[in-house]
Amino acid sequence: PLSAGRSYRPPLLSEMKCFLLPGGAGAMLWLMLLFDPFNFLQVFKMSLPITAFFALGTGIELYGLKWVSDSISILNTVSLIMLTFLVGIIITQSYGKESFEKMQRDLKSREAPSDEALNGAVMGVAGMLLITPGAVTDIIGILIMIPITRGMFKQIALNLSKKRIESGQPYFFFKDH
């Protein structure tokens with residue numbers, strides 16, 4: 001508590017060297033180093049490829065959006081992103097959760113998912129890709145929505161689910177709790 005006559009001064013950034021990363025990540029890294037440096041190195045080695053993947057993906061998406069906005073103007077690009085967002089929401093609501101639950105049930109029964117479950121799951125992924133703002137994710141989402149190219153994505157999902165069945169993993173995305 002502050003005593004009478006004393007005012008509170010928030011700490012300067014230079015005083016918070018370990019808290020400069022967004023979302024409290026700096027504090028978490030500092031605590032990990034303080035209490036278990038070996039565990040920190042393990043986590044760092046495992047998360048580096050994931051971080052690199054997301055950084056590269058973000059860079060590609062930003063470059064794609066810049067290219068589209070240079071071609072059709074910024075206003076049209078924003079309108080296109082909003083349109084694909086709305087289409088993605090509609091598709092995800094139509095195909096989303098039920099299809100993934102069918103896929104989970106098929107995997108738990110150790111059999112390949114039905115064509116209906118594959119189609120719904122792939123369309124759910126297309127909806128999620130369309131919700132994500134970016135040129136590349138929108139193109140992939142639209143390719144999944146086209147019936148001619150959807151078969152290729154359904155085959156990829158079927159191969160992934162067969163690998164999960166062969167390895168004995170009874171889930172496709174997340175473990176049930």
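Other residues, nucleotides and ligands contribute more than 12 heavy atoms inside 6.0 Å of the CG atom of Leu86. The local environment of OH in Tyr95 is sparse, with at most 12 non-hydrogen atoms from other residues, nucleotides or ligands closer than 6.0 Å.
The closest side-chain heavy-atom distance from Asn76 to Ser73 is below 4.5 Å. Looking only at side-chain heavy atoms (C-beta outward), Thr58 and Leu62 come within less than 4.5 Å of each other. Taking the side chain as every heavy atom from C-beta outward, Leu130 and Met145 approach each other to under 4.5 Å. Looking at Lys154 and Asp115, their side chains come closer than 4.5 Å, going by heavy atoms from C-beta outward.
In this structure, CD1 on Ile74 lies 11.5 Å from OG on Ser79, to the nearest 0.5 angstrom. Between the CG atom in Asp138 and the CZ atom in Phe85 there is a gap of 11.5 Å [rounded to 0.5 Å]. In this structure, CG on Leu80 lies 11.5 Å from OG on Ser69, to the nearest 0.5 angstrom. To the nearest 0.5 Å, the span separating CD on Glu61 from OG1 on Thr137 amounts to 4.0 Å. Summarising the geometry, atom CE belonging to Met128 is positioned 13.5 Å from atom CD1 belonging to Ile140; distances are rounded to the nearest 0.5 Å. Interatomic distance, CD1 of Ile156 versus CG of Leu118, reported as 11.5 Å (0.5 Å rounding).
Taking all atoms of both residues into account, the shortest heavy-atom contact from Ala157 to Val122 is CB-CG2, 4.0 Å. Of all non-hydrogen atoms in Leu158 and Pro113, the two that sit nearest each other are CD1-CD, 4.1 Å. Summarising the geometry of Ile131 relative to Gly88, their closest heavy-atom pair is CG1-C, 3.6 Å, with the distance given to 0.1 Å. Across all their heavy atoms, Thr92 and Gly124 have their closest contact at OG1-O, 4.1 Å.
Sorted by first and then second residue, the pairs that involve residues 119-134 and meet side chain to side chain donor-acceptor pair (under 3.5 Å), not counting sequence neighbours, are Asn119-Arg150.
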Query raised in the report: Could you go step by step and tell me if Ile81 and Leu65 meet the side chain to side chain contact (heavy atoms under 4.5 Å, CB included) rule?
Result: CA-CA 9 Å; Ile81 289 171; Leu65 285 173; 3.5 Å; yes
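A chain of hydrophobic side-chain contacts below 4.5 Å, direct or via other Ile, Leu, Val, Met, Phe, Trp or Tyr residues, connects Ile60 to Leu143. Linking ILVMFWY residues whenever their side-chain heavy atoms come closer than 4.5 Å, directly or via other members, places Leu56 and Val136 in the same cluster. Two different hydrophobic clusters hold Leu75 and Leu83 under the rule that ILVMFWY side chains link at heavy-atom gaps under 4.5 Å.
For Thr149 (side chain) and Ile146 (main-chain N/O), a donor-acceptor pair under 3.5 Å exists by modelled atom type.
Scanning for salt bridge (Lys or Arg N to Asp or Glu O under 4.0 Å) contacts around Lys162 gives an empty result, with sequence neighbours left out.
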